[in-house]
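Working notes, structure below.
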Amino acid sequence: MNIQAVKVIYKYEMLRAWETLLQSFASPVISTALYFVVFGSAIGGRIERVDGVAYGSFIVPGLMMLALLTQSIANASFGIFFPKFTGTIYEVMSAPVSFMEILLGYVGAAATKSLIIGLIILATAGFFVPLEIAHPVWMCAFLLLTCISFSLFGFIIGLWAKDFEKLQLIPLLVITPLVFLGGSFYSVSMLPPTWQTVTLFNPVVYLISGFRWSFFEVSDVSVGTSLSIVLLFLGLCLLVVWWMFRTGYRLRQ
Amino acid sequence: MSSIVSVSNLSKTYAGGYRALNDVSLEIAEGEILALLGPNGAGKTTLISIVCGIVNASEGSVRVGGYDIIKDYRRTRELIGLVPQELTLGHFDTVWNTLCFSRGLFGKKPDPAYLERLLRDLSLWSKRDTEIMALSGGMKRRVLIGKALSHQPRVLFLDEPTAGVDVDLRKDMWGLVRGLRESGVTIILTTHYIEEAEEIADRVGIIADGRLILVDDKQALMQKLGRKAMIIELEQPLARVPDTLAVWGLELSGDGCQLTYTYDPRSARTGIPGLLQAISEAGLLLKDFKTTQSSLEEIFVGLVKGKA
Ligand SMILES: Nc1ncnc2c1ncn2[C@@H]1O[C@H](COP(=O)(O)OP(=O)(O)OP(=O)(O)O)[C@@H](O)[C@H]1O
Ligand SMILES: [Mg+2]
């Protein structure tokens, strides 16, 4: 195992975040704070309770997920797309590193960054609304799994994308709608029955539901189902990445 | 001598169907400097990229240090340093950070003392904390060399190391390459500058159209293919070569004042004494004469034209 290589890739990626601190950490915090002001305080004041939880608190897990998903994907996809774009990837390709080591470095760093962002948002949320976490271990597990899976997913997008436009395409056209319709701001049970069924095809619903359960013990689907779906997604991403490295997809000609 | 790099029947067809390499076989001895010459698009970079693991071969195999580049990629890649043709560098990284990154990537523990020496040798020490985008092109080229040497490779590939580099720096680069060779590093470089190959290479390989046309000792190549020319200056201009001199196949030029005689320097009888005698018998007055040896460039142009 080439530990040194994992270390330098990880360090390099973390340093990049540090140097663009404002963009990396401050902007998700600011946008989340804005959501709290708008949805939590302004609108939330007029909404009674959802599933027995005050609306301001109710949206916290969803908001965290929204940030985690977009940040994981953005960080990981950019991390691998950029060296591909500038050509500096040649060095990684000519180095004695395995695909596992490359993954550990790039995806590890992207996941770490999202984890930090998630925790910062949680702390920010604590300023605005009262928060209690019923199952901290489960909360951490969902947090970690989400960071890792979606960083992997971002890595795939970064490898696949041939230009900046494609890089933005999936996050914009797929992820953002899925997250917004995934119950960040409402409970699925508030929807008409037909839409409830449609919603169940949205994987993000399971993610948010499980995560919310770890806070308030209320959920749209059972925790076990949530966990299975997240693990399934993780496995799927791993499979795709493994295939990509094996075939040298978009890297080695 | 044992081969450190051994290329067997290597071919590469790119996804578009273009055959960039065609059945190339090549043995590179430990400690030598091999220059690969060839016109644009000949396949030089493709060959290097395959050995370094950046491009997959379509057919054939490569061994480095006795190991297969696919099966034992860790071992072979550890041995190799690559300076790519393009100036591909992270613009926001500092010189020092990018060298540390490269060293780590190749699995070596940090060694600030070695990297300092390296940067001093490359005259980059004063620039160690500078961001790469603030460096000149020649400096960037040296940063790339530094990155390639950061993990102390035993085989160094230099893909056009002196493209866009001024004369002074090119001389420095040659010095650096010779110094590396003395420390036991095997060097393979590609170049368009024939004088570069002539200056520093032990052996020269010529690639055209994806084929390795020939590989030979630089000296042997020059001798095998390099004919010599004797240029004879006359006092009085001639309208035409006298018939008595026809057997020598002379060429008249320079307003009729210059006769050029080409001959094979390897042959025991060059015919020069006989020619000089015949000239004086023809009553021509000799002003001066000199001999020249054809450069690699002329050899190269001749070869590539011949194969086309
Ligand atoms: N990624 C690629 N896809 C398709 N064709 C390619 C690719 N890379 C190179 N080629 C083609 O393969 C041929 C050999 O290219 P290569 O870069 O090896 O040449 P070269 O000898 O290094 O040329 P130069 O002296 O200009 O650097 C060229 O015709 C080029 O167009
Ligand atoms: Mg080239």
Side-chain angles (χ1 to χ4, degrees), chain A residues 1-24 78-106 108-109 158-160 162 243-253, chain B residues 12-16 18 20 45-46 48-58 67 69 72-94 97-111 131-132 144 147-148 150-151 153 157 159:
Chain A
M1 175 99 174
N2 188 347
I3 300 284
Q4 295 296 331
V6 179
K7 265 196 210 160
V8 292
I9 294 175
Y10 185 87
K11 206 175 127 192
Y12 183 89
E13 286 298 300
M14 291 309 284
L15 204 70
R16 198 163 58 81
W18 189 249
E19 273 162 5
T20 51
L21 193 67
L22 217 61
Q23 195 197 330
S24 305
F78 194 76
I80 189 72
F81 174 81
F82 201 63
K84 218 177 60 166
F85 178 74
T86 58
T88 51
I89 193 79
Y90 85 88
E91 203 178 15
V92 176
M93 288 161 63
S94 66
V97 291
S98 69
F99 112 83
M100 264 316 285
E101 289 149 3
I102 295 178
L103 267 192
L104 277 176
Y106 281 105
L159 272 184
W160 164 80
K162 278 188 174 162
W243 171 82
M244 281 177 150
F245 274 91
R246 254 197 88 89
T247 55
Y249 178 81
R250 300 252 161 116
L251 276 181
R252 262 189 200 96
Q253 272 163 322
Chain B
K12 173 66 189 178
T13 308
Y14 278 108
Y18 185 82
T45 301
T46 303
I48 289 180
S49 301
I50 292 174
V51 180
C52 294
I54 295 169
V55 169
N56 288 328
S58 305
Y67 299 104
I69 57 160
D72 290 310
Y73 71 94
R74 277 190 202 271
R75 286 173 190 276
T76 64
R77 292 185 195 174
E78 267 166 18
L79 297 174
I80 297 174
L82 165 67
V83 180
Q85 182 171 0
E86 313 283 342
L87 290 174
T88 37
L89 285 160
H91 290 270
F92 304 105
D93 307 337
T94 65
N97 284 350
T98 198
L99 255 69
C100 292
F101 179 81
S102 299
R103 186 176 167 86
L105 206 54
F106 280 76
K108 288 274 168 77
K109 291 221 169 67
D111 184 349
E131 286 186 350
I132 283 163
L144 281 175
K147 279 166 78 74
S150 66
H151 65 281
F157 286 91
D159 202 351

Under 4.5 Å to a heavy atom of chain B? For A/Val92 that would be both
Whatever's closer than 4.5 Å to a heavy atom in chain A on B/Leu144 counts as side chain
For A/Leu15 and B/Asn97 the tightest heavy-atom approach is CD2-ND2, 4.1 Å
Should we say atom OH of B/Tyr73 is surrounded by more than 12 heavy atoms from elsewhere, each under 6.0 Å from it? yes
d(A/Ile89 CD1, B/Ile54 CD1) to nearest 0.5 Å is 10.5 Å
A/Asn2 side chain to B/Phe106 backbone, donor-acceptor under 3.5 Å: no
Distance col, row A/Met93:CE vs B/Leu105:CG, nearest 0.5 angstrom, shows 12.0 Å
When the 4.5 angstrom heavy-atom criterion is applied to B/Glu78 and chain A, the contacting part is both
Scored by heavy-atom pairs under 4.5 Å with chain B, the best of A/Gly105, A/Pro96, A/Ala5 is A/Pro96
Whatever's closer than 4.5 Å to a heavy atom in chain A on B/Lys108 counts as backbone
Review point. Does atom NZ of A/Lys84 have more than 12 heavy-atom neighbours, drawn from other residues, nucleotides or ligands, at distances under 6.0 Å?
Key: yes
When rounded to the nearest 0.5 Å, the distance separating CD1 of A/Ile3 from NZ of B/Lys109 is 10.0 Å
So, the part of A/Tyr12 with a heavy atom under 4.5 Å from chain B: the answer is side chain
Okay, B/Leu89 and chain A: the region with an atom under 4.5 Å from a heavy atom over there is backbone
*asked:* Could you tell me if the side chain of B/Arg74 sits less than 4.5 Å from the side chain of A/Ser98, heavy atoms only?
replied: yes
Closest non-hydrogen contact found for B/Pro110 with A/Gln4 is CD-OE1, 3.8 Å
When the 4.5 angstrom heavy-atom criterion is applied to B/Tyr14 and chain A, the contacting part is side chain
4.5 Å side-chain heavy-atom contact, B/Phe101 and A/Ile9: yes
(request) Could you tell me whether A/Met1 atom CE has more than 12 heavy atoms of other residues or ligands within 6.0 Å of it? (result) yes
Open item on the list: Heavy-atom count check: over 12 atoms from other residues, nucleotides or ligands less than 6.0 Å from B/Tyr67 OH?
Closed with: no
Closest non-hydrogen contact found for A/Tyr90 with B/Lys147 is OH-CE, 4.3 Å
When the 4.5 angstrom heavy-atom criterion is applied to B/Ser102 and chain A, the contacting part is both
